[in-house]
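Note sheet for the following structure.
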Amino acid sequence: LTPAAYLQVLPVNLISFKATKQNSAARLTWSTKSEQNNANFNVLRAGDDRVFKKIGQINGAGNSSDAKTYNFTDFQPLSGNNYYQLTQTDFDGKTKEIGEVQLLNFDNSKASLTILNGNQSVKALLVTSKTANAKVALHGVSGNLIYQSAVSLSSGVNQIELPVNLTNGLYIL
């Protein structure tokens with residue numbers, strides 16, 4: 001074998017992979033120095049069981065000698081430890097783990113509720129430490145029932161969407 005036969009070009013030259021908290025979400029960012037035949041990146045998450053499951057996919061740059069920066073936000077992290085792993089998949093389907101596993105802890109022992117009002121719906125982010133069935137009810141300030149529904153909540157951040165169009169005012173959820 002010639003010395004060139006021992007050279008192996010890595011498909012992605014990773015500069016960094018970091019996970020940071022952003023309110024009740026996990027923000028993952030990574031940068032590459034160069035990419036060769038890079039189809040995509042997969043973002044995986046695991047709890048304390050360390051069983052990683054794919055939660056997102058971001059397209060790669062294919063072939064690039066320029067630095068690139070990527071990001072992904074996990075809006076529904078698990079309650080407790082969240083381990084994040086990054087893998088890279090070539091155009092030929094080969095997948096490799098890249099970067100070091102990142103750890104974030106979300107202490108969701110206290111329930112919290114955040115309301116995001118949209119044009120055609122109301123979205124709520126409910127953080128809870130338990131998995132449970134619950135009832136969501138939206139009332140006007142005078143107590144009149146506007147909307148009600150049963151929901152299944154999981155431990156961590158839950159996004160609930162209420163298909164209602166509200167006018168400006170005070171409401172109780």
Side-chain angles (χ1 to χ4, degrees), residues 12 14-32 35 38-61 68-90 93 95-139 145-166 170-173:
V12 170
L14 188 71
I15 297 171
S16 66
F17 173 51
K18 294 187 177 9
T20 56
K21 284 185 181 182
Q22 198 170 48
N23 298 319
S24 60
R27 174 88 167 167
L28 308 172
T29 56
W30 62 98
S31 299
T32 62
E35 299 177 35
N38 180 28
N40 60 61
F41 297 96
N42 294 304
V43 178
L44 299 101
R45 179 187 67 205
D48 284 328
D49 61 2
R50 295 291 193 110
V51 176
F52 284 93
K53 295 179 182 166
K54 181 178 167 181
I55 60 169
Q57 180 175 308
I58 303 292
N59 289 335
K68 302 283 183 192
T69 299
Y70 300 89
N71 60 65
F72 178 85
T73 302
D74 179 8
F75 289 103
Q76 297 181 314
L78 303 171
S79 183
N81 289 328
N82 288 259
Y83 297 89
Y84 292 97
Q85 184 177 64
L86 189 63
T87 65
Q88 176 272 325
T89 303
D90 290 346
T95 298
K96 295 181 181 179
E97 294 177 10
I98 59 173
E100 292 186 17
V101 172
Q102 300 292 303
L103 170 63
L104 292 178
N105 184 287
F106 288 86
D107 180 12
N108 297 330
S109 60
K110 297 178 183 174
S112 68
L113 180 66
T114 304
I115 308 297
L116 309 167
N117 192 14
N119 292 336
Q120 301 295 321
S121 65
V122 173
K123 291 181 183 175
L125 298 177
L126 177 62
V127 179
T128 181
S129 61
K130 297 180 182 179
T131 298
N133 292 322
K135 187 187 297 184
V136 174
L138 180 67
H139 297 270
L145 181 64
I146 297 169
Y147 178 83
Q148 183 173 315
S149 177
V151 294
S152 294
L153 301 174
S154 59
S155 176
V157 180
N158 297 270
Q159 181 173 315
I160 303 164
E161 188 165 351
L162 289 65
V164 294
N165 192 3
L166 302 175
L170 186 60
Y171 300 89
I172 302 165
L173 179 63

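Owing to the predicted nature of the structure, the values given are computational and were not obtained by experimental measurement. Here, residue 1 is the first one in the sequence, and each next residue gets the next number.
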Identify the heavy atoms of [X] and [Y] that sit nearest to each other, and give their distance.
{"X": "Leu173", "Y": "Ala124", "answer": "CD2-CB, 3.8 Å"}
{"X": "Ser154", "Y": "Thr131", "answer": "CA-OG1, 3.8 Å"}
{"X": "Ser152", "Y": "Asn133", "answer": "OG-OD1, 3.1 Å"}
{"X": "Ser121", "Y": "Pro163", "answer": "CB-CA, 4.3 Å"}
{"X": "Ala25", "Y": "Phe106", "answer": "O-CZ, 3.4 Å"}
{"X": "Thr69", "Y": "Ser31", "answer": "OG1-OG, 3.4 Å"}

In Å, rounded to the nearest 0.5 Å, how long is the span from [atom1] of [X] to [atom2] of [Y]?
{"X": "Thr87", "Y": "Lys96", "atom1": "OG1", "atom2": "NZ", "result": "12.0 Å"}
{"X": "Tyr83", "Y": "Asn105", "atom1": "OH", "atom2": "CG", "result": "9.0 Å"}
{"X": "Leu14", "Y": "Lys68", "atom1": "CG", "atom2": "NZ", "result": "15.0 Å"}
{"X": "Ile55", "Y": "Phe72", "atom1": "CD1", "atom2": "CZ", "result": "4.5 Å"}
{"X": "Gln22", "Y": "Leu104", "atom1": "CD", "atom2": "CG", "result": "11.0 Å"}
{"X": "Asn38", "Y": "Ile98", "atom1": "CG", "atom2": "CD1", "result": "7.5 Å"}

query: Considering residues, nucleotides and ligands other than Lys18, do more than 12 of their heavy atoms fall under 6.0 Å from its NZ?
result: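 Counting other residues, nucleotides and ligands, NZ of Lys18 stays at 12 neighbours or fewer.
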
message: With a 6.0 Å cut-off (strictly less than), is the heavy-atom count around CD of Glu100, excluding the residue itself, greater than 12?
response: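 12 or below, so no.
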
Side chain to side chain, [X] and [Y], heavy atoms closer than 4.5 Å:
{"X": "Asn42", "Y": "Asn40", "answer": "yes"}
{"X": "Leu28", "Y": "Phe17", "answer": "yes"}
{"X": "Leu166", "Y": "Leu138", "answer": "yes"}
{"X": "Gln88", "Y": "Asp90", "answer": "yes"}

message: Going by the rule ring-ring contact (aromatic ring centres under 6.0 Å, His included), which residues pair with Phe41 if we only count those two or more places apart in sequence or in a different chain?
response: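 Per chain and number, Phe41 pairs via ring-ring contact (aromatic ring centres under 6.0 Å, His included) with Trp30, Tyr70.
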
Tabulate below the donor-acceptor pairs under 3.5 Å that side-chain atoms of residues 43-52 make, not counting sequence neighbours, or state none.
| unit_1 | atom_1 | unit_2 | atom_2 | d |
| --- | --- | --- | --- | --- |
| Arg45 | NH1 | Asp74 | OD1 | 3.2 |
| Arg45 | NH1 | Asp74 | OD2 | 2.9 |
| Arg45 | NH1 | Gln76 | O | 2.9 |
| Asp48 | OD1 | Asn81 | ND2 | 2.9 |
| Asp49 | OD1 | Val51 | N | 3.1 |

query: Counting N and O atoms only, with roles assigned by atom type, does the side chain of Asn82 sit under 3.5 Å from a partner on the main chain of Gly80, one being a donor and the other an acceptor?
result: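 Checking the backbone N and O of Gly80 against the side chain of Asn82, a donor-acceptor pair under 3.5 Å is found.
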
- request: Could you tell me which residues satisfy side-chain contact (heavy atoms from CB on, under 4.5 Å) with Leu145, sequence neighbours excluded, listed by chain and number?
  value: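 Leu145: side-chain contact (heavy atoms from CB on, under 4.5 Å) contacts with Ala137, His139, Gln148.
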
task: Please report the C-alpha distance between Leu153 and Ile160 in whole Å, then the side-chain angles of each, then the deciding distance to 0.1 Å, and finally whether the side-chain contact (heavy atoms from CB on, under 4.5 Å) criterion is met.
output: CA-CA 9 Å; Leu153 301 174; Ile160 303 164; 4.1 Å; yes

